[in-house]
Number of protein chains: 2
Amino acid sequence: MISHPRSEYRQTADVIRRRIESGDYSRGHTLPREDLLAAELGVNRATVNRALRILAAEGLVQATRGKGTEVTRLSPIERAVPFRYSHQARHRDDGRGAFDAEVAARGMTPHSEVTVSRASPPGTVTAVFGADPGAAVAVVRSRRMYADDVPVQLADSYIPLDIAGGTALETGDTGPGGMLSRLADLGHAQVRMSERVTTRPPFPDEAEFLNLTGDHRVYAITHVGWDAAGLAVEVCMHVMPAHLWVLEYSWPVD
Amino acid sequence: MISHPRSEYRQTADVIRRRIESGDYSRGHTLPREDLLAAELGVNRATVNRALRILAAEGLVQATRGKGTEVTRLSPIERAVPFRYSHQARHRDDGRGAFDAEVAARGMTPHSEVTVSRASPPGTVTAVFGADPGAAVAVVRSRRMYADDVPVQLADSYIPLDIAGGTALETGDTGPGGMLSRLADLGHAQVRMSERVTTRPPFPDEAEFLNLTGDHRVYAITHVGWDAAGLAVEVCMHVMPAHLWVLEYSWPVD
DNA sequence: GAGTGGTCTAGACCACAGA
DNA sequence: CTGTGGTCTAGACCACTCG
């Protein structure tokens with residue numbers, strides 16, 4: 001099944017996209033009503049609606065029932081890995097995490113909320129912890145992150161209870177150097193990390209928090225940190241709108 | 001704009017998805033015609049069509065005008081980085097590249113076609129080569145890759161002409177150890193690599209080759225290799241259907 | 001209550017696959 | 001030529017925002 005570039009709704013999307021990119025409709029501006037656009041472009045409103053769905057899925061606009069369709073293009077945020085976990089980054093500015101620096105680098109104001117609890121990790125996470133009996137229950141650090149008050153990421157960190165229980169990892173603020181340093185203090189310095197990147201539609205709760213539709217895609221990243229003993233000491237599930245992020249990986253050869 | 005899970009077309013998609021996952025409709029099987037599904041489920045054909053679009057975008061089915069809608073779920077292929085560029089992987093089996101191993105690991109048969117030419121690289125690539133005057137023209141190695149004859153990846157490698165011109169890099173087969181080893185032979189051993197991962201709808205030519213629609217997403221990965229002198233010696237643009245691949249990155253801490 | 005997008009239906013016609 | 005999905009239209013009603 002091939003993309004048919006000639007269909008009217010695609011052409012309509014192209015017209016509107018060009019108007020946005022040329023500045024006819026600028027950031028924060030509300031587009032004309034769908035029926036007016038339809039009349040102007042000589043197509044049915046359903047066609048305009050379908051065209052706007054494409055642009056919404058690309059993150060160019062955001063439609064709200066009852067209000068209108070607003071231009072929302074944000075320049076994507078860069079997430080540099082493994083730099084964000086490096087010693088250098090951790091001590092760049094104590095107390096601020098990698099996320100804060102990433103958002104600030106884009107000229108936006110970061111903000112995040114942390115919730116700490118204890119729970120049984122989901123299956124994907126227990127699979128990583130393996131047979132470790134101390135990980136049947138984990139300390140969960142859930143973060144909701146914003147850039148200029150726009151929600152841009154969800155992250156749930158799981159640390160086995162027998163490692164994190166009753167430690168500074170169960171407090172809201174993990175202090176200088178963050179979780180990585182606290183785990184090191186506890187004798188679980190991480191020597192190796194991995195990330196598994198996938199893309200999928202958002203789950204309903206994710207869609208609600210991140211303000212997405214089923215047409216959007218999120219990066220679902222499973223981040224794992226291992227200590228010198230080969231034990232998985234932290235698993236973190238990141239979920240972020242794919243159109244808002246660029247992932248940068250860098251490594252030495254061999 | 002929130003995902004409204006109650007809309008009929010989403011529920012219809014859920015019903016059909018469940019039938020696929022439960023095996024009612026199995027891999028390679030053709031679904032009932034849209035009008036029959038519509039009649040069975042008590043909705044309009046347009047609703048079924050919209051539901052099938054969702055499943056197609058997820059890579060679960062593939063619709064072909066004139067033929068029908070087929071179940072096509074493939075288990076995703078794992079691309080392990082930086083392992084695929086490591087000395088170990090390069091010598092695992094001489095003559096077979098990382099892609100071949102990745103596909104074989106999924107029990108499928110890899111196949112690829114290479115075209116070698118000379119051309120001016122696109123802007124995104126020249127930006128990486130920077131002011132390097134020897135890179136105004138580059139040797140381009142274009143690969144089209146298949147798993148069980150299904151197209152699964154496009155990759156265009158650019159090497160500055162003053163490095164690759166007239167060398168083994170302009171031949172179809174780069175020999176044992178591949179391009180990396182040939183570049184090393186030429187005095188440009190790579191010491192550092194980076195990848196920049198983004199997600200977007202496919203371009204028309206990509207959609208045609210990879211059999212995608214505008215609802216699909218591809219990973220667009222810019223891979224760069226630097227030699228000891230800090231010169232970018234190879235830039236490769238990978239394009240692959242996002243639902244067919246999982247990206248695995250791994251690195252030592254600090 | 002008015003404004004605006006989200007969804008659904010019925011009907012029609014087109015484009016492409018395949019006999 | 002027939003089968004099947006892709007798209008478009010006209011019209012309708014619903015759901016949510018905001019004054």
Side-chain angles (χ1 to χ4, degrees), chain A residues 1-16 25 28-57 60-72 201 204 207-208 211-216, chain B residues 1-16 25 28-57 60-72 201 204 207-208 211-216:
Chain A
M1 171 183 8
I2 312 296
S3 166
H4 293 277
R6 313 223 130 303
S7 48
E8 258 177 10
Y9 73 92
R10 285 178 212 280
Q11 293 179 43
T12 303
D14 291 342
V15 169
I16 301 173
Y25 302 141
H29 191 286
T30 296
L31 265 51
R33 286 182 346 215
E34 294 185 346
D35 54 354
L36 295 184
L37 272 174
E40 184 207 337
L41 301 173
V43 299
N44 190 276
R45 177 168 83 95
T47 303
V48 171
N49 183 273
R50 197 166 172 186
L52 289 176
R53 246 166 207 292
I54 293 178
L55 302 185
L60 231 53
V61 303
Q62 173 148 15
T64 311
R65 187 144 52 172
K67 270 172 61 177
T69 302
E70 194 183 336
V71 180
T72 54
E208 179 168 3
N211 241 275
L212 303 176
T213 70
D215 294 335
H216 287 101
Chain B
M1 173 187 322
I2 311 297
S3 168
H4 293 278
R6 313 223 130 301
S7 48
E8 258 179 12
Y9 73 94
R10 286 177 211 279
Q11 292 179 43
T12 303
D14 290 343
V15 168
I16 301 173
Y25 302 140
H29 191 286
T30 296
L31 264 51
R33 284 190 283 142
E34 293 185 347
D35 55 353
L36 295 184
L37 272 174
E40 183 208 336
L41 301 173
V43 298
N44 190 276
R45 178 168 83 94
T47 303
V48 170
N49 183 274
R50 197 165 171 187
L52 289 175
R53 248 167 203 291
I54 293 178
L55 302 185
L60 230 53
V61 303
Q62 174 148 14
T64 311
R65 191 149 45 177
K67 270 172 61 178
T69 302
E70 195 184 336
V71 180
T72 54
E208 179 166 5
N211 241 276
L212 303 176
T213 70
D215 294 335
H216 286 101

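Just so you know, these numbers come straight off a predicted model, no measurement behind them. Protein chains get the first letters and strands the later ones, always in sequence-line order, with residue 1 at the start of each. What's counted below: heavy atoms across the whole structure, side chains too, no hydrogens, waters or symmetry copies.
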[atom1] of [X] versus [atom2] of [N]: gap in Å, rounded?
| X | N | atom1 | atom2 | answer |
| --- | --- | --- | --- | --- |
| Glu70(A) | dT17(D) | CD | P | 14 Å |
| Arg65(B) | dG3(D) | CZ | C1' | 13 Å |
| Arg10(B) | dG6(C) | CZ | P | 10 Å |
| Tyr9(A) | dC8(D) | OH | C1' | 11 Å |
| Glu8(B) | dC13(D) | CD | P | 16 Å |
| Leu31(B) | dG5(D) | CG | P | 9 Å |
| Arg53(A) | dG6(C) | CZ | P | 6 Å |
| Asp215(A) | dG6(C) | CG | P | 10 Å |

**Prompt:** Just checking, is any N or O donor in the side chain of Arg10(A) or Ser7(A) under 3.5 Å from an acceptor N or O on the other one?
**Reply:**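 Result is yes, a qualifying pair exists.
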**Request:** Could you tell me whether Arg45(B) and Asp35(B) have a side-chain N and a carboxylate O separated by less than 4.0 Å?
**Result:** no
**Request:** Scan residues 38-48 of chain B against DNA chain C and write down, sorted by residue number, each residue with any heavy atom closer than 4.0 Å; if none is found, say none.
**Result:**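 Contacting residues: Val43(B), Asn44(B), Arg45(B), Ala46(B), Thr47(B).
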**Request:** List in chain and number order the residues that pass side-chain hydrogen bond (donor to acceptor under 3.5 Å, both in side chains) with Asn49(B), two or more places apart in sequence or in another chain; answer none if no residue qualifies.
**Result:** Glu34(B)
**Request:** Return the minimal non-hydrogen interatomic distance between Val48(A) and Val43(A), and the atom names on each side.
**Result:**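 In terms of heavy atoms, the two residues are closest at CG2-CG2, 3.7 Å.
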Give a yes/no answer on whether the side chain of [X] brings an N or O atom under 4.0 Å of OP1 or OP2 in [N].
| X | N | result |
| --- | --- | --- |
| Lys67(A) | dG3(C) | no |
| Thr64(A) | dT17(D) | no |
| Asn49(B) | dG5(D) | no |

**Request:** Take the C1' atoms of the five end pairs on each side of the helix from dG1(C)-dC18(D) to dG18(C)-dC1(D), derive the two axes, and give their angle rounded to 10 degrees.
**Result:**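 Inter-axis angle at the ends, rounded: 20°.
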